[in-house]
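For reference, the structure discussed in these notes is given below.
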Amino acid sequence: MEFRQLNTFIQVAQFQSFSKAAESLGYSQSAVTVQIKLLEEEMHTRLFDRMGKRVMLTARGEQFLDCANSILYELERTRRSMNGERELTHPLRIGTIESLCFSKLPPILRFFREHYPKVFLQIVTASPEELICLMERNELDLIYILDAPRWNADWCKAMEEQERIVFVCSPSSPLAGRTGLTLPELLTEPFFLTEKNANYRQAFDQCLAGRKLCLSPLLEVSNTEFIVRMLEQNEGLSVLPYFAVQKDIEKGRLCMLDVTDVQISMYRQIFYHKSKFRTREMEEFIRLAASSSVDSGFSRVYNKEESTDDETEDDRYE
């Protein structure tokens with residue numbers, strides 16, 4: 001058994017296609033077919049079922065996939081220990097939703113730029129469903145989404161962090177500063193909301209439907225930053241993830257409403273396909289994403305990051 005056979009096997013499992021795996025690896029399709037045939041002969045079992053142009057893992061193939069990923073992971077870890085920590089250079093393709101892209105990614109991308117300048121980062125923003133499709137087609141290495149808890153036997157979940165969804169308004173709103181508000185009291189106000197396919201908008205709509213309430217928003221738009229700017233200049237309300245408005249609340253540009261009869265939570269989650277080899281670049285992104293939720297501060301998790309004399313840590317990662 002050769003390591004290249006394991007890598008070829010993983011690629012075929014990921015693409016469910018010999019031809020697409022060959023294209024990805026730079027091999028001829030016949031070379032991929034021969035490698036898989038030799039691997040099956042050596043393992044004395046059938047790893048794939050051929051169904052027309054598609055191939056699917058058999059039950060033994062599913063079992064072997066876990067073993068192949070573990071073998072390649074241990075090989076990479078051994079190489080690192082023998083040769084020291086080499087510079088990260090592999091490209092990293094990340095899919096995320098718009099609100100996370102604006103609120104959570106900038107400090108992570110800055111860290112990569114400063115510490116791993118040879119890593120090419122590609123960011124794709126879309127809905128969770130679209131990102132999942134891209135991950136399953138091997139067009140993304142990781143997806144970073146905000147949604148209800150998700151699980152799939154074909155995915156590896158690398159992180160899950162709960163996030164509050166909150167009601168916010170302008171400081172000049174008549175509701176600002178009031179306590180003990182209820183959902184029906186809010187519905188007389190103009191709402192600026194994300195579009196209906198946004199997951200936290202769907203959670204809000206389900207909450208309304210469960211109480212036989214309805215709402216016609218004044219504005220629907222996909223861009224969270226635009227909603228925040230509209231709230232600052234108008235006396236409307238919105239429902240947004242707390243992380244997306246935290247800085248605006250702390251600086252007094254927005255107010256978080258005290259609504260006692262509604263509690264909505266979503267979860268920041270990172271996934272990659274189980275057929276995907278977990279690279280050091282992926283591991284570092286996952287570690288940084290998890291660190292960004294620590295109250296003590298993103299940059300303090302890493303001792304190698306030091307602030308300059310005329311620049312504080314908060315300034316650097318604001």
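Numbers here are sequence positions counted from 1.
Between E284 and R280 no salt bridge is recorded (no basic side-chain N to carboxylate O distance below 4.0 Å). Classification of R268 and D147 as a salt-bridged pair fails, no side-chain N sitting under 4.0 Å from a carboxylate O. With respect to the salt-bridge test (charged N to carboxylate O, under 4.0 angstrom), the residues E136 and K276 do not qualify. Using a 4.0 Å cut-off between charged side-chain N and carboxylate O, D141 and R278 make no salt bridge. With respect to the salt-bridge test (charged N to carboxylate O, under 4.0 angstrom), the residues R93 and E281 do not qualify. Here K247 does not pair with E250 in a salt bridge; the nearest charged N to carboxylate O distance is not below 4.0 Å.
Around CD of E23, the count of heavy atoms belonging to other residues, nucleotides or ligands within 6.0 Å does not exceed 12. Heavy atoms of other residues, nucleotides or ligands lying less than 6.0 angstrom from CZ of R60 number 12 at most.
Between the SG atom of C169 and the CZ atom of F191 there is a distance of 10.0 Å, given to the nearest 0.5 Å. Expressed to the nearest 0.5 Å, how far CD1 of I143 lies from SG of C133 amounts to 9.5 Å. One distance of note links OG of S275 with CG of N69; it measures 7.0 Å at 0.5 Å rounding. Taking CG of L237 as the start and CG of L231 as the end, the distance is 7.5 Å to the nearest 0.5 Å. Of the inter-residue distances, the one linking L175 atom CG with S172 atom OG reads 11.0 Å to the nearest 0.5 angstrom.
L218 and V168 fall within the same hydrophobic cluster, defined by Ile, Leu, Val, Met, Phe, Trp and Tyr side-chain heavy atoms under 4.5 Å apart, directly or through other members. Residues L187 and L219 share a single hydrophobic cluster, defined by chaining ILVMFWY side chains whose heavy atoms lie under 4.5 Å apart. Under the 4.5 Å side-chain heavy-atom criterion for ILVMFWY residues, a single connected hydrophobic cluster contains both L254 and L193. Using a 4.5 Å cut-off between side-chain heavy atoms of Ile, Leu, Val, Met, Phe, Trp and Tyr, with links allowed through other members, V32 and M43 fall into the same hydrophobic cluster. Linking Ile, Leu, Val, Met, Phe, Trp and Tyr whenever their side-chain heavy atoms come within less than 4.5 Å leaves V34 and F64 in two separate clusters.
Between A31 and Y27 the shortest heavy-atom distance is CB-CB, 4.2 Å. Contact between Q11 and S24 at its shortest, heavy atoms only, is OE1-OG, 3.4 Å. A pairwise comparison of heavy atoms in A289 and I108 identifies CA-CD1, 3.7 Å as the closest pair. Here the closest heavy-atom approach between residue I165 and residue P241 is recorded as CD1-CA, 3.8 Å. Contact between S238 and L240 at its shortest, heavy atoms only, is OG-CG, 3.6 Å. In terms of heavy atoms, M266 sits closest to A148 at CE-N, 3.4 Å.
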ask   = Stepwise, does the side-chain contact (heavy atoms from CB on, under 4.5 Å) test hold for L92 with F120?
value = CA-CA 6 Å; L92 184 59; F120 171 72; over 6 Å; no
task = Could you please spell out the steps behind the side-chain contact (heavy atoms from CB on, under 4.5 Å) verdict for S99 and Y200?
result = CA-CA 11 Å; S99 59; Y200 42 89; 3.8 Å; yes
inquiry  = Go through it in stages, so that I can follow the logic: the residues are F167 and Y242, the test is ring pair (Phe, Tyr, Trp, His ring centres under 6.0 Å), and I'd like the CA-CA distance, side-chain angles, deciding distance and then a yes or no.
reply    = CA-CA 9 Å; F167 292 87; Y242 179 70; over 10 Å; no
task = Start with the C-alpha gap between I94 and L140, add the side-chain angles, then the distance that decides, and say whether side-chain contact (heavy atoms from CB on, under 4.5 Å) holds.
result = CA-CA 6 Å; I94 302 161; L140 292 172; over 6 Å; no
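The aromatic rings of F285 and F112 lie tilted to each other, with the angle between the two planes from 30° to 60°. Under the 30°/60° scheme for interplanar angles, the aromatic rings of F9 and F48 are found to be tilted.
Residue pairs meeting the side-chain hydrogen bond (donor to acceptor under 3.5 Å, both in side chains) criterion with at least one partner in residues 35-48, sequence neighbours excluded, are T8-Q35, E40-R50.
In this structure Q162 satisfies the side-chain contact (heavy atoms from CB on, under 4.5 Å) test together with S265, Y267, sequence neighbours excluded.
Side-chain contact check for Q233 and S170: no donor-acceptor pair (N or O, by modelled atom type) lies under 3.5 Å.
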